[in-house]
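Only this structure's heavy atoms are used, side chains among them; waters, hydrogens and symmetry mates stay out.
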Amino acid sequence: MAPIRVLVVDDNALDRKLVTAAIESDPAFAVVGTAPSGWIGLRKVESLQPDVVTLDVEMPDMNGLDALLSLRATAPDLAVVMVSAHTDRGTAAALESLAYGATGYCRKPTDCKGFADAVRTLGDQLLPKIRTALKHGGKQAALGRATAEATPAVTATAASPPAVGVRRLAAGRVEIVAIGVSTGGPNALTEVIPLLPAEFPVPVVITQHMPPMFTRYLAKSLGDKSAMPVREAADGDVVAPGSVWIAPGDYHMELQRVEGELVARLNQGPPENSCRPAVDPMFRSVSRTHGAGVLALVMTGMGQDGTAGARAVREAGGSILAQDEATSVVWGMPGFVVRAGLADEVLPLGEIAAALVRRVQRGRPAGQLQTRSPSSKS
């Protein structure tokens with residue numbers, strides 16, 4: 001089989017050498033070219049026709065985000081992995097790139113013992129990201145467009161028997177919304193959280209598979225667009241209605257009742273489903289704290305994290321929504337939930353916010369809640 005062709009774009013010569021060595025440590029990959037700037041990278045994409053591009057986030061003449069936007073216009077299905085430095089600015093830019101169509105991100109290693117150690121460390125992170133990016137190409141960039149063209153929701157109703165993998169909605173009043181998401185999550189969450197109203201009467205807790213620092217910027221990015229405050233959780237935080245809490249990178253987030261208050265508890269217990277934070281611990285904990293009052297949502301992501309936790313939610317009497325395949329970057333996590341028969345509704349991304357509002361409205365005064373316009377700020 002011919003090797004996978006990679007173009008490396010980075011303004012730093014040593015980093016180009018490092019990324020090239022990390023990629024070529026696997027014989028399945030070949031670096032067919034390098035570029036010291038975004039402008040040159042765009043020209044080399046045209047001439048070399050690579051299978052995947054790695055883009056440095058911070059470059060002087062054309063940064064990685066601008067180059068990504070140009071690539072998405074000219075090569076919408078090209079797999080692109082962003083490579084960021086361990087800086088606040090690099091992390092924020094990498095997170096923004098995911099919302100504009102990057103199919104993955106990776107951070108440059110620090111504190112390595114020599115070049116060979118840096119090559120191994122970067123390869124362990126970067127090569128799986130490239131494989132994932134190749135599998136899904138530019139689909140994330142089209143996610144926003146897909147919401148307008150999405151297929152109708154698969155919903156179990158009293159008039160018709162449930163579809164395979166879908167069960168009827170529980171009748172209990174929702175007291176907490178818990179969301180699990182992974183690959184494609186930053187963009188998908190941007191289509192949901194900012195549409196929830198400021199008077200949303202229950203807390204929202206989110207586990208997004210992300211490393212440290214990225215979750216802080218995800219919270220800030222969502223908070224800047226949302227009516228509800230969005231925070232990265234800290235251990236001991238009181239989780240109040242009308243607020244959104246995101247599990248920090250490298251920590252599982254669980255909920256506990258402490259002296260009548262709902263409190264976030266963080267831990268660095270063993271990874272579950274190869275993830276920390278993982279969705280399953282959060283789902284299990286809210287099933288204990290809220291029982292039938294849980295509304296769980298499983299969105300786009302690889303693997304099956306969330307399935308075991310969704311089963312705990314169901315056994316406690318709660319409800320479960322899943323994102324549909326057409327609007328998911330990866331229909332792994334929601335697909336496992338649906339195939340396990342745990343989903344109450346399977347919804348396209350563009351209908352999820354309205355479904356959350358509709359379910360939370362049930363059992364409360366009529367007309368109290370409405371979704372917000374995507375463009376509204378307050």
**Asked** With the threshold set at 4.0 Å, does a side-chain nitrogen-carboxylate oxygen contact exist between Arg284 and Glu315?
**Response** no

**Message:** Check whether Gln125 reaches the backbone of Lys129 with its side chain - one donor and one acceptor, N or O, closer than 3.5 Å.
**Reply:** no

**Request:** Quick one: do Lys225 and Thr190 satisfy side chain to side chain contact (heavy atoms under 4.5 Å, CB included)? Show the steps, please.
**Result:** CA-CA 8 Å; Lys225 302 176 180 73; Thr190 300; 3.8 Å; yes

**Item:** Pairwise side-chain contact, Gln323 with Leu347, heavy-atom cut-off 4.5 Å (strictly under)
**Value:** no

**Message:** For the residue pair Asp280 / Asn273, report whether a side-chain donor-acceptor contact shorter than 3.5 Å exists.
**Reply:** yes

**Under 3.5 Å: donor-acceptor pair, side chain of Thr371, backbone of Ala354** = no

**Prompt:** Which pairs with one or both residues in residues 17-34 pass salt bridge (charged side-chain N to carboxylate O under 4.0 Å, His left out), sequence neighbours excluded?
**Reply:** Asp26-Arg131

**Request:** Answer yes when Asp235 and Arg265 have at least one side-chain N-carboxylate O distance shorter than 4.0 Å, and no when they do not.
**Result:** yes

**Prompt:** So does Arg173 pair up with Glu175, basic N to acidic O under 4.0 Å?
**Reply:** yes

**Prompt:** Residues two or more places apart in sequence or in another chain: which of them pass salt bridge (Lys or Arg N to Asp or Glu O under 4.0 Å) with Asp61?
**Reply:** none

**Request:** Could you tell me whether Asp11 and Arg16 have a side-chain N and a carboxylate O separated by less than 4.0 Å?
**Result:** no

**Request:** Could you check if a side-chain atom of Arg276 sits within less than 4.5 angstrom of a side-chain atom of Gln268, using non-hydrogen atoms only?
**Result:** yes

**Asked** Do the side-chain N and O atoms of Asp324 and Thr327 include a donor-acceptor pair separated by under 3.5 angstrom?
**Response** yes

**Prompt:** Should we count CZ of Phe200 as having more than 12 external heavy atoms under 6.0 Å?
**Reply:** yes

**Asked** Could you go step by step and tell me if Thr300 and Met333 meet the side chain to side chain contact (heavy atoms under 4.5 Å, CB included) rule?
**Response** CA-CA 6 Å; Thr300 176; Met333 288 167 52; over 6 Å; no

**Message:** Less than 3.5 Å apart, any donor N or O on the side chain of Arg359 or Ser319 sitting next to an acceptor on the other?
**Reply:** yes

**Message:** Do the side chains of Asp224 and Lys220 get close enough for a salt bridge, i.e. N-O under 4.0 angstrom?
**Reply:** yes

**Request:** Take Arg358 and Glu345, measure what salt bridge (Lys or Arg N to Asp or Glu O under 4.0 Å) needs, and give me the verdict at the end.
**Result:** CA-CA 13 Å; Arg358 184 174 63 249; Glu345 289 186 278; 3.5 Å; yes

**Request:** Please step through salt bridge (Lys or Arg N to Asp or Glu O under 4.0 Å) for the pair Asp344 and Arg314, ending with a clear verdict.
**Result:** CA-CA 10 Å; Asp344 297 299; Arg314 178 172 183 173; over 6 Å; no

**Prompt:** After noting the C-alpha distance and the side-chain angles of Arg231 and Asp237, does the key distance pass the salt bridge (Lys or Arg N to Asp or Glu O under 4.0 Å) rule?
**Reply:** CA-CA 10 Å; Arg231 301 181 178 91; Asp237 279 345; over 6 Å; no

**Request:** Would you mind reporting whether Val337 and Pro334 have side-chain heavy atoms less than 4.5 Å apart?
**Result:** no

**Message:** If the condition is side chain to side chain contact (heavy atoms under 4.5 Å, CB included), which residues does Val238 pass it with, not counting sequence neighbours?
**Reply:** Glu261

**Message:** Just verifying a value: how many Å separate Cys275 SG and Met210 CE, rounded to the nearest 0.5 Å?
**Reply:** 13.0 Å

**Asked** Are the side chains of Val53 and Val81 in touch, meaning some heavy atoms are under 4.5 Å apart?
**Response** no

**Message:** Can a side-chain donor-acceptor contact be found between Asn63 and Glu58 if the only test is distance below 3.5 angstrom?
**Reply:** no

**Request:** Check the pair Leu122 / Leu18 against side chain to side chain contact (heavy atoms under 4.5 Å, CB included), numbers first and verdict last.
**Result:** CA-CA 8 Å; Leu122 180 59; Leu18 173 64; 3.8 Å; yes

**Request:** Apply side chain to side chain contact (heavy atoms under 4.5 Å, CB included) to Val313 and Arg311, showing your working.
**Result:** CA-CA 5 Å; Val313 169; Arg311 186 169 287 109; over 6 Å; no

